Every structure is written in structure tokens, then in C-alpha cells.
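As C-alpha cells, the structure follows; a few thoughts come after it.
This chain uses plain numbering: 1 for the first residue, then up along the sequence. Since the structure is predicted, the reported quantities are computational estimates derived from the model, not experimental observations. Just follow the structure's listing: the first ligand is 1, and inside any ligand the first atom is 1.
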Amino acid sequence: MKTKIVKVSSKTKDAKIFDEAGRLIRAGELVAFPTETVYGLGANGLDAAACRKIYEAKGRPSDNPLILHVADRAMIDMIAADVSPLAEKLIASFCPGPITIIMPKKPCVPDSVTGGLGTVGIRMPDSDVCRALIAAAGVPIAAPSANISGRPSPTTAEMVARDMDGRIPLILDAGPCEFGVESTIVACDADDKITILRPGAITREMLLEITSDVELDPAIKGTMTDSDAHPRAPGMKYRHYAPKAPLALIEPKNLTAKNVAAMLIREISAAKSQDKKIGLIVSDETTKIIEEKNIVPKEYIKSYGHQCDLKAIAANIYRLLRSFDDTDRTQLYAEATTRDGLGLAIMNRLTKSSGGNIITE
Ligand code: AMP
Ligand code: MG
């Protein structure tokens, strides 16, 4: 299959391409598209056969449920059997935006979308291009991230093409995604209780403004590794977001660039004695210190931004993780961030990328 990549923008809103993309979705085909979080691989969310194509194209385990993307509030009623008062509050506060809310599903939502669960994850993206596509399709669009299962999610159309070229007919390209990490997933477990199943750009702190009872699912508590978790949704248990070379996270108790650099120097020296070729993903501050030491070639020291600029770090992280896939590097190290605010989402993804390999002192 030949894959077409077409540039789109919310300003031009080239009607013809949205018509074509909407037609492909309704015909049961796959279309990759931008959202404000990461690029999605979309199919008609009410068509079981179309959704099975997503699993095939990604090599995704079939018990890992998909999120349904809607254009507006009315579309939620097509697929949710019940919208609780707390869910309504979340919708009013954060939608459209980078949040997915778990709700009881209507029978029209196929089991192949929910992995057999009685609930469905619903998201209303803030991206104009994405909502224009959903409106053109006229149906909710089921979409996971548009990567081969297990790889870092794509945040540009080029990254989508790397994984999906030849597997799908169309990729819509609207440039780099704003946030760069997947949506926050929440369940409304009681009248006033929210459980975070996956952290994202709608932070725990923001959810605490809605209700005082915000819990982290045990699967993402602590070090958030797979082994100590009993996930509620099958998808939470899989190793994810992994670059080709093994990755270790560097997280000193006191997260200063000086401490990170000192730990890195020790780790690099040990790894080099085993002939490892090192790649680094670190802050601007740490880059400065390490570059002066001349222990890793400059081209393999990649900065994700200033330590305190979590928005930039989130937006850069998957691209940087993938950037080593084409090199000869055999051991990667990444600098940890704080776990406050957006940092919780970044650390959740980095922990999974590293398979839980966190070096703390
Ligand atoms: P992604 O593969 O990046 O699109 O992530 C989708 C994730 O959403 C899955 O891995 C699940 O963890 C989560 N999810 C989707 N639907 C549900 C649901 N009904 N209940 C709980 N989690 C869900
Ligand atoms: Mg994914």
C-alpha cells in the first residue's frame, strides 16, 4: 500500500483533504492524524473490522483497549451509556483538551475497541485539525498512538511515517504536537473521586481543583514499573515507549545538574569499560557540565531543555528517544525530572521506556 502524507493546517482547513480523510475512515480504512498530545492512528470507532486493522498495523495486543475521539459534547452521548455529574464537571473544565475520561459504554461500541471491558475511554481533542477530521468522518474515531506497539509515540508526521509507511493509506501532517505526551486518563470512581490511570498534561494538581479526592492508580504509583503493578486496563501492563538501545534513568535524591553529572560520569566510566557506546538525553544545565568533560561525543549528548521547563521536556522526549535508533549507541542514559505537575507524566513514560531501570545514587 502506498502511504500519502498531506500537510494540513487549522488555518487553511483544506476541505478536500478532510473530505477524503473522512471518507477513508467511513470506508473502514486507517488514517494517521495529529492531536495536541501525540499523533494518532485512527479508524471508525463503531466498526469492529476497521478497529482490528489498528491492532494489525501496530502489532498491538488485542486486550489493550483503544480511546474513542469525539468532535463535540453531543458525540459523547453516541457512545457513553451514562455521563456522571463528576464526568460532566471534568468535561466542562478540561474538554476539549488532553484528557481521556473512562465512562460506561453503549452497546454500539464494539468489544474489540474496549478489549472486552464494559467501559470506554473518551477524549475530545483540542487540535482543530483533529476535530475537523472527526467531524468530516461523522463517527467517533478510535485511535491509539500511531507507532509500532512498544515504541516511543510519534510527535511528528515523519515519526509516524517511520513506523506506518506502507501500512496505511494516509497521514495528515500538521507539524509537531504541542504537548508530546499522551492524554491524562481518568476514571470517576465515586461521586467525588477521580483515579488517574495514566498521567498527562492535565495534571494531578489541576484535577485537585475539581475534587479533593484524586488518587493515582497503583500501576503508576511509586517507581511506576510494570512488575509491582496490578493494572486496571490491560494496556497499562505492557512495556512501552522504548528506544532500541537500553535506557537507564539517572535520578539523584537531590535533582541538581551537578548531582546528575556526577552520577553520569561514574556510570559512563563503568559502561565504557564494557565497550558500551553512550548516548545521553539530559537537561541544558547537565549538557554544559558533561560537554566540558569530553567523555561523550557532543553529537550524542542531546538536551531536552531547561530542567524547569517541563512543557519543553515533554514535547521533546519521544523525538529524542527515537533519535538514537539510527546510531551505533548501545547504552542510553536520561536525566530524571521532578514528579510534580507535568513531571509525573514525563517520569511515567521515561520509567516505562527504561523498563524500570532507575539509578538513584
Ligand atoms: P494508547 O495506546 O497510547 O492510545 O493508550 C490507550 C490506553 O488507554 C490503553 O493502553 C489503556 O490503558 C487506556 N484505556 C483505554 N480504554 C480504557 C478503558 N475503558 N478503561 C481503562 N483504560 C483504558
Ligand atoms: Mg501508545
Point to revise | ligand 1 contacted by R198 (non-hydrogen, < 4.0 Å) | key: yes
Check your understanding: Which atoms of ligand 1 sit under 4.0 Å from any heavy atom of L66?
Key -> 15 (C), 16 (N)
Practice item. State if T114 counts as touching ligand 1 under the rule of any non-hydrogen atom under 4.0 Å. Key: no
Practice item. Check ligand 1 against L117 and write out every atom of the ligand that is under 4.0 Å from a heavy-atom position of the residue. Key: 18 (C), 19 (N), 20 (N)
Review point. Is the closest side-chain heavy-atom distance between F94 and T184 below 4.5 Å?
Key: no
**Study point:** Basic-acidic side-chain contact under 4.0 Å: E178, K311
**Key:** yes
**Study point:** Sub-4.0 Å atoms of ligand 1 with respect to non-hydrogen atoms of V120
**Key:** 19 (N)
Exercise for review: Please confirm whether K58 comes within less than 3.5 Å of ligand 1 when only nitrogen or oxygen atoms on both sides are compared.
Suggested key: no
Review point. Looking only at N/O atoms, are E182 and ligand 1 under 3.5 Å apart anywhere?
Key: no
Practice item. Indicate, as side chain, backbone, both or neither, the part of T119 found under 4.0 angstrom from ligand 1 when only non-hydrogen atoms are considered. Key: both
Exercise for review: Check whether more than 12 heavy atoms from other residues, nucleotides or ligands sit under 6.0 Å from atom CD of E299, and answer yes or no.
Suggested key: yes
Check your understanding: Does some non-hydrogen atom of R60 fall short of 4.0 Å from ligand 1?
Key -> yes
Check your understanding: Would you call R151-D325 a salt bridge at under 4.0 Å N-O?
Key -> yes
Point to revise | Region of L197 engaging ligand 1 - heavy atom pairs below 4.0 Å | key: side chain
Practice item. Run the salt-bridge test on R73 and D77 with the 4.0 Å N-O cut-off and return the result as yes or no. Key: yes
Review point. By number and element, which atoms of ligand 1 are closer than 4.0 Å to a non-hydrogen atom of I185?
Key: 7 (C), 8 (O), 13 (C)
**Study point:** Salt-bridge criterion met for R167 and E56 (N-O under 4.0 Å)
**Key:** no
Exercise for review: Check whether any N or O atom of H240, backbone or side chain, sits under 3.5 Å from an N or O atom of ligand 1, and answer yes or no.
Suggested key: no
Practice item. Using the ring of F324 (Phe, Tyr or Trp, six-membered ring only), decide whether K277 places NZ or CZ under 6.0 Å from its centre and within 45 degrees of its axis. Key: no
Check your understanding: N/O/S of S145 less than 2.8 Å from the Mg ion (ligand 2)?
Key -> yes
Exercise for review: Give a yes/no on ligand 1: does T100 have at least one heavy atom closer than 4.0 angstrom to it?
Suggested key: no
Check your understanding: More than 12 heavy atoms of other residues, nucleotides or ligands under 6.0 Å from CZ of R204: is that the case?
Key -> no
Practice item. Return the option from G121, P65, G118 holding the heavy atom at the smallest distance from atom 15 (C) of ligand 1. Key: P65
